[in-house]
Amino acid sequence: MEDRESLLERAINDIRYALFSIDKGPGDEPDLNLYNSLANAYLNLADVLASNQGNRERVADLRDLASDATHRAYSDNPTNPWVVETHIKNLLSIARAEPERSVQSALEALLAVYDAIRASDANLRGAQLGRLAEDALAILFSNSTAGGDVTDLQTPVDVLVATWRVLSSAGVSAFDETLSRLPPAEAERALRVLADPAGSGDIQVLKLRYGILSSARPFAFAERLGLVENLDATDGRLSPQLRLEYALLLYQVGRAREADRAFRDLRRIWRDGEHFVNISEPLNWLREGEGESLRTVQARVSSDQGFRPQARVSDFADVLVPFRPEEFGVRNLRPGSSFRARVSFGHNGPFLRPALAGPKRG
């Protein structure tokens, strides 16, 4: 124990020196990684001291320092999988150390896991996140009333605890792929609980409701958009993943000019840092209404092409959309030429594709 304690103390001193005493230059490790490492070192040292009956005030101070470092890293990049993992570990540390915050911190940890698993195409760190989620569920259920009645919910916490009991009873406690494959009846039951007036306006309720709705009824574009707008109005700090889905949903419901502005903002975010985000079906193609069929749009080659070919799409209020002439069987299309196309979506926005392009069915 003493050896590990000494190693962690040395690691903390080294990281702090790198953060606060060395001038940064090209190629140096980003502060994001250093703050994330510092948070983990604080958490690990606090655990070592606590298990060895160390000074309680010192342990509490270390947990506070871990929270500060975690907040700094998570604020800089809330999509980095290693930062998200540390954020969840810190929430669980708070839940274990502070009984009065156990339920709230466990709920925040569960939502963070849910967001990370739903948003990550590669499920980076998925196994570790699953184990952390199981710990969070155990803490939540051991510190909340067990009752199964969801008809007398009084607070947002009641709504969230009841929802997680529904999810747990549906077999998602391992937090693997079953989380996005909820049985329809259980998903709808969870959504009914989350729609209870007792949870109205609560950030966590809105986020969890949006996540489950997106998995259970992915083509409900207007309803999904309404929840994201409600979140934005309530909190004003949408994550990069939610901001991306917001822009995509705006296109799906015909609000192209707003969507174009949203993607302009997103491109600035992508330029400023590396973010782990994902575009899942059905938001990866422009759909016809709220169904699986792909929509075909009318486009006109712009004379103001810039560095790549673009066309004005009448269905998008003449918003400019890039395309590759080669995909349409020609090397160049004259300005003013009209053509029909489908629309796929990437992290930077829409892209025109041939009228027969799209996912193969069957």
Side-chain angles (χ1 to χ4, degrees), residues 78-79 81 84-85 87-88 91 104 106-126 129-130 132-134 136-137 140 156-157 159-196 199-235 237-249 252 275-284 290:
T79 67
V84 170
E85 185 179 317
H87 172 62
I88 296 164
L91 289 168
Q104 187 62 45
L107 287 170
E108 289 182 37
L110 285 166
L111 183 58
V113 173
Y114 192 8
D115 283 346
I117 290 178
R118 198 181 67 81
S120 175
D121 191 27
N123 263 342
L124 294 171
R125 311 292 288 166
L129 286 173
L132 292 173
E134 291 174 357
L137 277 175
L140 177 66
V157 169
V159 171
L160 290 163
V161 172
T163 303
W164 283 111
R165 291 195 183 280
V166 170
L167 296 177
S168 182
S169 69
V172 302
S173 59
F175 274 73
D176 54 16
E177 290 183 358
T178 58
L179 190 59
S180 59
R181 297 179 184 174
L182 276 173
E186 297 303 318
E188 293 301 325
R189 184 180 172 209
L191 287 171
R192 286 196 296 274
V193 175
L194 288 164
D196 191 280
S200 179
D202 182 80
I203 296 298
Q204 287 197 61
V205 171
L206 286 169
K207 285 183 177 179
L208 187 55
R209 186 178 173 188
Y210 174 79
I212 295 175
L213 178 67
S214 298
S215 297
R217 289 187 251 143
F219 292 94
F221 300 136
E223 189 175 356
R224 290 175 65 181
L225 178 61
L227 286 174
V228 178
E229 290 182 319
N230 198 344
L231 264 172
D232 191 34
T234 303
D235 184 49
R237 294 176 298 172
L238 295 182
S239 68
Q241 177 67 36
L242 274 178
R243 293 183 68 170
L244 175 60
E245 293 184 27
Y246 172 62
L248 295 166
L249 288 165
Q252 296 290 355
H275 291 275
F276 294 79
V277 294
N278 176 48
I279 300 176
S280 59
E281 291 191 50
L283 296 180
N284 55 347
E290 294 193 334

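Partners of Glu108 according to the side-chain contact (heavy atoms from CB on, under 4.5 Å) rule, which considers only residues two or more places apart in sequence or in another chain, are Leu91, Gln104, Gln204. A search for side-chain contact (heavy atoms from CB on, under 4.5 Å) contacts involving Pro240 returns Pro78, Thr79, Trp270, His275, Val277, not counting sequence neighbours. With sequence neighbours excluded, the residues satisfying side-chain contact (heavy atoms from CB on, under 4.5 Å) with Asp235 are Ile203, Arg237. Contacts of Ala136 classified as side-chain contact (heavy atoms from CB on, under 4.5 Å), with partners at least two apart in sequence or in another chain: Leu92, Ala109, Leu110. Residues passing the side chain to side chain donor-acceptor pair (under 3.5 Å) test with Thr234, sequence neighbours excluded: Asn230.
Within the structure, salt bridge (Lys or Arg N to Asp or Glu O under 4.0 Å) pairs that include any residue of residues 207-228 comprise Glu188-Arg217, Arg217-Glu223, Arg224-Glu245 (at least two apart or interchain).
Contact record, Val161 with Leu140: CG2-CD1, 3.8 Å, taken as the closest heavy-atom pair. Across every non-hydrogen atom of Ala133 and Val113, the tightest pair is CB-CG1, 3.8 Å. Of all non-hydrogen atoms in Ala190 and Leu167, the two that sit nearest each other are CB-CD2, 4.3 Å.
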>> Pair Asp202, Leu160 - check side chain to side chain contact (heavy atoms under 4.5 Å, CB included), show working.
In response: CA-CA 10 Å; Asp202 182 80; Leu160 290 163; 4.0 Å; yes
>> Using side chain to side chain contact (heavy atoms under 4.5 Å, CB included), reason through Phe276 and Val84 one step at a time and then give a plain yes or no.
In response: CA-CA 11 Å; Phe276 294 79; Val84 170; over 6 Å; no
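A distance of 4.5 Å separates CG of Leu206 from CG of Leu231, quoted to the nearest 0.5 Å. Note that the CG atom of Leu137 and the CG atom of Leu107 stand 9.5 Å from one another [nearest 0.5 Å]. Here CG of Asn284 is found 9.5 Å from CG of Asn278. Values are rounded to the nearest 0.5 Å. Atom CG of Leu242 and atom OG of Ser214 lie 8.5 Å apart (nearest 0.5 Å). The OG1 atom of Thr163 sits 9.5 Å away from atom CZ of Arg189, with the distance rounded to the nearest 0.5 Å. Ile212 contributes atom CD1, which lies 11.0 Å from atom CG of Leu227 (distance to the nearest 0.5 angstrom).
By the 4.5 Å heavy-atom criterion applied to side chains, Leu248 and Phe221 are not counted as neighbours. Between Gln252 and Phe219, the closest side-chain pair of non-hydrogen atoms is not below 4.5 Å.
No side-chain donor-acceptor contact under 3.5 Å links Ser168 to the backbone of Trp164.
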